[in-house]
Amino acid sequence: DVDLVRWSRAAGLNLLILLNNADKLSYGAQQQTLHKVSAALRTLRVGLDAAQVVTFSALRGTNADTVVAILQNWLAAPDPEDASLEPAPA
């Protein structure tokens with residue numbers, strides 16, 4: 001897991017870490033695990049803007065909407081009328 005995080009960081013890729021089976025933990029235990037993983041990412045010096053951590057349960061659909069929104073945002077085509085995406089003048 002650590003190697004994958006380091007590789008994605010070196011490659012400049014975003015990372016979505018799903019803490020699966022959240023339905024098997026109490027809310028407090030979910031939050032504690034979320035905190036531990038976020039702290040481990042800080043130890044690896046991975047900014048939380050590049051790596052997002054989400055508790056998830058496929059069984060109950062916990063945070064499924066959040067995951068879909070993150071992926072849609074990452075995969076969205078840039079707005080062609082966004083002036084900030086134009087190359088800087090040479």
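Remember, predicted model here, so these are calculated numbers, not experimental data. Note that these values count all heavy atoms, side chains included, but never hydrogens, waters or copies made by symmetry.
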Legend entry - Joint cluster assignment, Leu44 & Trp7, ILVMFWY side-chain distance < 4.5 Å: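 Unlinked, Leu44 and Trp7 end up in two clusters.
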
Inset, instruction - Group every Ile, Leu, Val, Met, Phe, Trp and Tyr by side-chain heavy-atom contacts under 4.5 Å, then state whether Val5 and Leu13 land in the same group. - result: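 The answer is no; the residues belong to distinct hydrophobic clusters.
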
Inset, instruction - Measure across Asn20 and Ala58 and return the closest heavy-atom pair with its distance rounded to 0.1 Å. - result: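 Asn20 and Ala58 have their closest heavy atoms at OD1-N, 4.1 Å.
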
Legend entry - Where Ser57 and Ala22 come nearest, the two heavy atoms and their spacing: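 For Ser57 and Ala22, the tightest heavy-atom pair comes out as CB-N, 4.2 Å.
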
State, with a plain yes or no, whether a side-chain heavy atom of [X] is found less than 4.5 Å away from one of [Y].
X     : Y     : result
Thr62 : Phe56 : no
Gln52 : Ile70 : yes
Gln30 : Leu19 : no
Tyr27 : Gln32 : no

Inset, instruction - List in chain and number order the residues that pass side-chain hydrogen bond (donor to acceptor under 3.5 Å, both in side chains) with Thr55, two or more places apart in sequence or in another chain; answer none if no residue qualifies. - result: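 For Thr55 the side-chain hydrogen bond (donor to acceptor under 3.5 Å, both in side chains) partners, ignoring immediate neighbours, are Asn63.
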
Inset, instruction - Measure the spacing between CG of Leu16 and OG of Ser8 and express it to the nearest 0.5 Å. - result: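 The OG atom of Ser8 is 11.0 Å from CG of Leu16, to the nearest 0.5 Å.
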
Legend entry - Trace of the side-chain contact (heavy atoms from CB on, under 4.5 Å) decision for Leu18 with Val53: CA-CA 6 Å; Leu18 297 181; Val53 185; over 6 Å; no

Legend entry - Stepwise side-chain contact (heavy atoms from CB on, under 4.5 Å) check, Val54 with Ile17: CA-CA 6 Å; Val54 178; Ile17 300 171; over 6 Å; no

